Amino acid sequence: MDFHGYVLVYSITSQKSFEVIKIIYEKLLDVMGKKYVPVVLVGNKTDLHQERMVSTEEGRKLAESWRAIFLETSAKQNESVADIFHRLLISIESENGNPQEKSNCIIS
Ligand SMILES: Nc1nc2c(ncn2[C@@H]2O[C@H](COP(=O)(O)OP(=O)(O)OP(=O)(O)O)[C@@H](O)[C@H]2O)c(=O)[nH]1
């Protein structure tokens with residue numbers, strides 16, 4: 001099977017999940033033998049903002065260091081979930097050298 005991009009999700013309420021996602025990313029690059037892979041980094045569970053352990057800034061900085069897209073979501077409240085896949089597809093298209101406007105992939 002051919003993989004083109006990845007969605008890596010951590011919980012904003014868990015520092016451990018944030019650390020684990022870094023390890024997963026490194027292993028991913030290692031296995032694929034690449035220096036770059038299209039990734040959307042997702043901080044999930046924004047509805048639990050009172051239990052937040054990972055700041056938005058930390059997530060954003062990590063994504064920047066990977067040249068990844070960064071989003072915070074609440075799967076529970078279905079907030080920005082469709083956006084994850086839309087933006088991943090744009091990132092994959094761009095990696096493949098296809099400009100966004102030429103894409104005929106539609107997500108609804
Ligand atoms: N409040 C809240 N809970 C969520 C959200 N997304 C998932 N959960 C809950 O988090 C728990 C773990 O969700 P899973 O989908 O099983 O995620 P997982 O990565 O397989 O979790 P683990 O197996 O615990 O590592 C479940 O109880 C979900 O209902 C969210 O956006 N907000």
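Predicted model, so just to flag it, every value in this text is computed and none were measured. Both ligands and their constituent atoms are indexed starting at 1 by order of listing.
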- Task: May I ask you to check if ligand 1 and Lys76 share an N or O to N or O distance below 3.5 Å?
- Result: yes

- Note on the structure: Closest heavy-atom pair, Ile69 versus Ser91, reported as atoms and distance to 0.1 Å, is CD1-CB, 3.8 Å

Review item, side-chain donor-acceptor pairs of residues 25-34, under 3.5 Å, at least two apart:
none

- Task: Please report which non-hydrogen protein atom sits nearest to atom 1 (N) of ligand 1, along with the residue it belongs to and the distance in Å to one decimal place.
- Result: Asp47 OD2, 2.8 Å

- Exercise check, heavy-atom protein proximity under 4.0 Å to atom 12 (C) of ligand 1: no

- Sequence-distant partners of Ser80, side chain to side chain contact (heavy atoms under 4.5 Å, CB included), two or more places apart: Thr73, Asp83

- Message: In the complex you have, is atom 23 (O) of ligand 1 within reach of the protein, judged by whether a heavy-atom distance drops under 4.0 Å?
- Response: no

- Run the numbers for me: atoms of ligand 1, each under 4.0 Å from some heavy atom of Ser74, listed by number. 31 (O)

- Message: Salt bridge check, Lys61 against Glu58: does any charged N sit closer than 4.0 Å to a carboxylate O?
- Response: no

- Message: Closer than 4.0 Å and a protein heavy atom, does any atom meet both conditions relative to atom 4 (C) of ligand 1?
- Response: yes

- Nearest non-hydrogen protein atom, atom 10 (O) of ligand 1: Lys45 NZ, 3.0 Å

- Decide if atom NZ of Lys22 counts as having more than 12 heavy atoms of other residues, nucleotides or ligands within a radius under 6.0 Å. yes

- Nearest non-hydrogen partners of Thr13 and Met53, listed with the distance: O-CG, 3.2 Å

- Message: Which of the numbered atoms in ligand 1 are under 4.0 angstrom from any heavy atom belonging to Leu48?
- Response: 1 (N)

- Message: Is atom 16 (O) of ligand 1 near the protein, in the sense that some protein heavy atom lies at less than 4.0 Å from it?
- Response: no

- If you scan protein heavy atoms around atom 6 (N) of ligand 1, the nearest is Asn44 ND2, 3.0 Å

- Is atom 26 (C) of ligand 1 less than 4.0 angstrom from some protein heavy atom? no

- Query: Should Ile24 and Leu62 be regarded as members of a common hydrophobic cluster, given that ILVMFWY residues are connected when their side-chain heavy atoms come within less than 4.5 Å of each other, either directly or indirectly?
  - Reply: yes

- Message: Minimum heavy-atom separation for Phe70 and Tyr10, please, with both atom names.
- Response: CE1-OH, 3.3 Å

- Note on the structure: of all protein heavy atoms, closest to atom 31 (O) of ligand 1 is Ala75 N, 2.9 Å

